[in-house]
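Below is one structure, written out as structure tokens; comments come after it.
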Amino acid sequence: MEDKTEQAVYEALPALLLPWYAENARDLPWRHSREPYRVWVSEIMLQQTRVEAVIGYYNRFMAAFPTIYALAEAEESRVLKLWEGLGYYSRARNLQKTAKQIVDDFDGVFPDTAEALEKLPGIGAYTAGAIASICFECPSAAVDGNVLRIMARITADDSPIDLPATKRKIGAALEKVYPKGRCGAFTQALMELGACVCTPKSPGCTACPVQTLCAAHRENAVQSFPVKLPKAKKRVEERTVFLLRCGGETAICRREETGLLAGLWQFPNCAGALTVEEAVRWAEEHGVQPVGLFRSVHRTHIFTHIRWEMIGYLLDCAAKSADFVWAGREALTEAYALPTAFRMFLEDI
DNA sequence: AAGACGGGGGC
DNA sequence: GCCCCAGTCTT
């Protein structure tokens, strides 16, 4: 099996992967149908998100919005609430933007080529390839982290997989060997192998259907691939969070429409670590007449690029300022999309 | 090319 | 604590 050209290695993939996938495919909710709407929603949810984390969200989302028309007509706040805790909230906004566009411009029918799909909000090269191959049997590669890792190992390619050029090269090579009539299965077989066998750590090489093809395995260097660029380090931000309580209700407000956690709800907060005296003054300036500090709590939340060190002050107040929306625990839990960074304070109030 | 953009699970 | 996940968009 040595000295195969890279082209020959790629060409051998479908015959090895397809039978393996037929035997080993997991039963996942979005594999029950090839309906573009269902596949699309699953692919968006799966961006940078593990299968296990998605399953519950996917089932709830489909129950709430069974068709693209239901999604297009829904209140945005309801879409965001169903996305609460899943992260990367622009995905939810783009999802509905695209639903409206497909309903309004295409009479509810999805484009059936990767090129056309990629023009839609939230659909990039990966998602376009996934939908085109799975729903329409197009030979369009879906190059995600799994595929990058698999191909870097099989070809012992030491070019950093973070580079767009690496991704394009692998996608182009794959598209030449997509098996006619089995494109959807081939796309999913690749990802299934990456998720279940060719994993980042301790890959299951002994159970791998393409072991005989794998240069990294042959060189006993599977752990050396893929090569990745060094990551930027995250910055630390101190914030003060105000848990203002009055008459059994707590103050919340909406975040800016752009940027971090765009358009979601939050407890009032400001930059910096205020002392309790400064916090009381801040509350007074916002018209809530703080009458007592119940307690203070410290919480940390880590985003991809920022670490929030938060000090939360629970202040009992004598007035409900119109600067905020006031919500009881029931509404806090069920009506407002509160991201994890703030939801973690629910146990304190 | 680099940074913004969430959150959770595995070790 | 670090890694990394069925990525996309903006600058």
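Small disclaimer: the values here were computed from a predicted structure and weren't measured. Order of the sequence lines fixes the chain letters, A, B, ..., with proteins taken first and strands second; residue numbering starts at 1 for each chain.
C:dA6 and B:dG3 have their P atoms separated by 24 Å, with the value rounded to a whole Å. Taking atom C1' on both nucleotides, B:dG6 is separated from C:dC3 by 15 Å, rounded to a whole Å.
For A:Leu193 and C:dA6, the CG to C1' distance is 13 Å, given to the nearest whole Å. Rounded to an integer number of Å, the gap from CZ of A:Phe303 to P of B:dG6 is 7 Å. Whole-Å rounding puts the A:Trp83 CH2 to B:dC5 C1' distance at 13 Å. Straight-line distance from the NE2 atom of A:His305 to the P atom of C:dT10: 15 Å, rounded to whole Å. In this structure, CD of A:Glu52 is placed 13 Å from P of C:dC5, rounded to the nearest angstrom. Distance CZ (A:Arg168) to P (B:dA1): 8 Å, rounded to an integer number of Å. In this structure, A:Ile306 atom CD1 and B:dC5 atom P are separated by 6 Å, rounded to whole Å. Distance CD (A:Glu192) to C1' (C:dA6): 10 Å, rounded to an integer number of Å.
Considering only side-chain N and O atoms, A:His301 lies nowhere under 4.0 angstrom from the phosphate OP1 or OP2 of B:dG6. Regarding contacts with the backbone of B:dG6, every side-chain N or O of A:Arg255 stays at 4.0 angstrom or more from both OP1 and OP2. At the phosphate of B:dA4, neither OP1 nor OP2 sits under 4.0 Å from any side-chain N or O atom of A:Thr304. In this structure, A:Arg50 does not reach the B:dG10 phosphate: none of its side-chain N or O atoms is under 4.0 Å from OP1 or OP2. Not one side-chain nitrogen or oxygen of A:Tyr88 sits closer than 4.0 Å to the OP1 or OP2 atom of B:dA4. Side-chain N/O atoms of A:Arg31 include none lying less than 4.0 angstrom from OP1 or OP2 on C:dA6. Contact between the side-chain N/O atoms of A:Gln48 and the OP1/OP2 oxygens of C:dG7 is found at a separation under 4.0 Å.
At the heavy-atom level, A:Arg26 lies under 4.0 Å from base atoms of the strands shown. If you check every strand for non-hydrogen atoms under 4.0 Å, A:Lys201 touches a base. Contact annotation for A:Ala262: no contact, since no heavy-atom pair falls under 4.0 Å across all strands. A:Trp308 comes within 4.0 angstrom of no nucleic acid atom, judged by non-hydrogen atoms across all strands.
Taking the side chain of A:Thr340 as heavy atoms from C-beta on, and the options B:dG7, C:dT8, B:dG6, the nearest nucleotide is B:dG7.
Ion pair A:Arg153/A:Glu219 not flagged as a salt bridge, since none of the NZ, NE, NH1 or NH2 atoms sits closer than 4.0 Å to an Asp/Glu carboxylate oxygen. A salt bridge does not link A:Arg307 to A:Glu237: none of the charged side-chain nitrogens sits closer than 4.0 Å to a carboxylate oxygen.
Taking the side chain as every heavy atom from C-beta outward, A:Thr250 and A:Leu244 never approach each other to under 4.5 Å. Side-chain contact between A:Arg34 and A:Glu137 is present, with at least one heavy-atom pair separated by less than 4.5 Å.
A continuous path of ILVMFWY side-chain contacts below 4.5 Å connects A:Leu261 to A:Val79, so both sit in one hydrophobic cluster.
Both distances falling under 3.5 Å, in either a Watson-Crick or a G-U wobble arrangement, place B:dG8 opposite C:dC4.
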